[in-house]
Amino acid sequence: APSTASQNSDYFNLTANFLIYYKDGIIYPAAARIVPYACRICLILTCIDISVQLGLQLVEGDKVKFMVSKFLACGIYLFLIANWVGYGNDYSGMQLMNRLQSGMRALGNVAMGTSEAPLGVNNSFGDCIAIASAYFNTIQKAGIVMEIFLGLVGIIVCVMLLLICFEMVMAYFEFWTMALLTLPLLAFGVI
């Protein structure tokens, strides 16, 4: 039978639903719309840069080598643009930002000393409820004076947990927003 803490964690799934909707419903479709334009900007800027440098005779030495190196750099940026968040209707590609987020989460798990996340993946609010519920279930076994003291401490702990929950949601929100905003800026890397 599932514990009360896990039932509460599943019931209060506010943050996970919002974060899943934000990533799948806003970030991925927006990236799918931005990728073609960012690729065109990258190609146009590469052509302009090559044309200006060749036209003004700013290139010394082998011109073919210069053009090949510029187009290789353009190819690397096109690869990054296409695989930064994902592209197309099925958001395929390497999804580099998703892998970065998973890697950072895995590093956090290693820092905690576990290979698996002990609590929910994105459900910060439900995790806070589970932690507070476990805390208050534990202090019921104490004496009356200690129970009052630990109850007051528990209120402070709940406030801190709520602040941590908001910070985690904001960090997730900021990460994916910045991943989307840097997508068109990658095209300017060729110049």
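Quick note: residue numbers are just sequence positions, from 1.
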Trainee: Can you tell me how far the CD atom of Glu167 sits from the CD atom of Glu174, to the nearest 0.5 Å?
Mentor: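 Glu167 atom CD to Glu174 atom CD measures 7.0 Å (nearest 0.5 Å).
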
Trainee: If you look at every heavy atom in Leu54 and Lys63, which pair is closest and at what distance?
Mentor: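 In terms of heavy atoms, the two residues are closest at CD2-CD, 3.7 Å.
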
Trainee: If only atom types and distance count, is the side chain of Tyr77 paired as donor or acceptor with the main-chain N or O of Phe188 below 3.5 Å?
Mentor: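 No; zero donor-acceptor contacts below 3.5 Å.
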
Trainee: I'd like to know if Tyr37 and Leu80 are part of one continuous hydrophobic network [Ile/Leu/Val/Met/Phe/Trp/Tyr, side-chain heavy atoms within less than 4.5 Å].
Mentor: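 The answer is no; the residues belong to distinct hydrophobic clusters.
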
Trainee: Please round to the nearest 0.5 Å and tell me the distance separating atom CD1 of Ile34 and atom CD1 of Ile41.
Mentor: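 Rounded to the nearest 0.5 Å, the CD1-CD1 separation comes to 10.0 Å.
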
Trainee: Report the distance from atom CG of Leu56 to atom OG of Ser51, rounding to the nearest 0.5 Å.
Mentor: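 Interatomic distance, Leu56 CG to Ser51 OG, rounded to 0.5 Å: 10.0 Å.
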
Trainee: Could you tell me which non-hydrogen atom of Val85 sits nearest to which non-hydrogen atom of Ala179, and how far apart they are?
Mentor: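 Heavy-atom minimum between the residues: CG2-O, 4.2 Å.
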
Trainee: Let me see the working for Val153 and Tyr135 under side-chain contact (heavy atoms from CB on, under 4.5 Å), right down to the final yes or no.
Mentor: CA-CA 10 Å; Val153 170; Tyr135 177 81; 3.7 Å; yes

Trainee: Please check if Met178 and Val35 belong to a single hydrophobic cluster, counting links between Ile, Leu, Val, Met, Phe, Trp and Tyr side chain heavy atoms closer than 4.5 Å.
Mentor: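 Shared cluster, no.
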
Trainee: To check you understand the geometry: which heavy-atom pair defines the closest contact between Met94 and Asn83, and what is its length?
Mentor: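 Minimum heavy-atom contact is N-OD1, 2.8 Å.
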
Trainee: Could you see if Met170 belongs to whatever hydrophobic cluster contains Ile27? Use Ile, Leu, Val, Met, Phe, Trp, Tyr and a side-chain cutoff under 4.5 Å.
Mentor: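 Linked within one cluster.
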
Trainee: What heavy-atom pair brings Cys128 and Leu161 nearest, and what distance separates the two atoms?
Mentor: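 Between these two residues, the closest heavy atoms are SG-O, 3.1 Å.
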
Trainee: Is the backbone of Ile191 close enough, under 3.5 Å, to the side chain of Asp49 for a donor and an acceptor to pair up by distance?
Mentor: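 No, because the side chain of Asp49 does not come within donor-acceptor range (under 3.5 Å) of the backbone of Ile191.
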
Trainee: side-chain contact (heavy atoms from CB on, under 4.5 Å), that's the test. Do Phe175 and Lys23 meet it? Break it down for me.
Mentor: CA-CA 10 Å; Phe175 176 81; Lys23 186 169 83 169; over 6 Å; no

Trainee: Say whether Ile44 and Ile50 are linked into one hydrophobic cluster, either directly or through other cluster members, by side-chain heavy-atom distances under 4.5 angstrom.
Mentor: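 No; Ile50 is not reachable from Ile44 via cluster members.
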
Trainee: So, for Ile81 and Cys39, which heavy atoms are closest and what is the spacing to 0.1 Å?
Mentor: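 It is CG2-SG, 3.8 Å.
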
Trainee: So, do Asn98 and Trp176 sit near enough that their side-chain heavy atoms are less than 4.5 Å apart?
Mentor: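 The answer is yes; the side chains approach within 4.5 Å.
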
Trainee: Please test Leu78 against Leu43 for side-chain contact (heavy atoms from CB on, under 4.5 Å), starting from the C-alpha separation and ending with a verdict.
Mentor: CA-CA 8 Å; Leu78 288 174; Leu43 289 170; 3.8 Å; yes

Trainee: So, for Leu180 and Ala31, which heavy atoms are closest and what is the spacing to 0.1 Å?
Mentor: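 Heavy atoms of Leu180 and Ala31 come nearest at CD1-N, 3.6 Å.
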
Trainee: Rounded at 0.5 Å granularity, tell me how far OH in Tyr22 sits from OH in Tyr28.
Mentor: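 OH of Tyr28 is found 12.5 Å from OH of Tyr22.
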
Trainee: Looking at CE of Met67 and CG of Asp62, how far apart are the two atoms once the value is rounded to the nearest 0.5 Å?
Mentor: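 Rounded to the nearest 0.5 Å, the CE-CG separation comes to 10.5 Å.
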
Trainee: Could you go step by step and tell me if Val145 and Phe149 meet the side-chain contact (heavy atoms from CB on, under 4.5 Å) rule?
Mentor: CA-CA 6 Å; Val145 175; Phe149 174 73; 5.8 Å; no

Trainee: Look up atom CE in Met97 and atom CD in Gln95, then write down how far apart they are to the nearest 0.5 Å.
Mentor: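 The CE atom of Met97 sits 11.0 Å away from the CD atom of Gln95.
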
Trainee: Shared ILVMFWY cluster between Met104 and Leu96, side chains joined below 4.5 angstrom?
Mentor: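 Yes.
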
Trainee: Between Gln140 and Phe136, is any pair of side-chain heavy atoms under 4.5 Å apart?
Mentor: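 No - every pair of side-chain heavy atoms lies 4.5 Å or more apart.
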
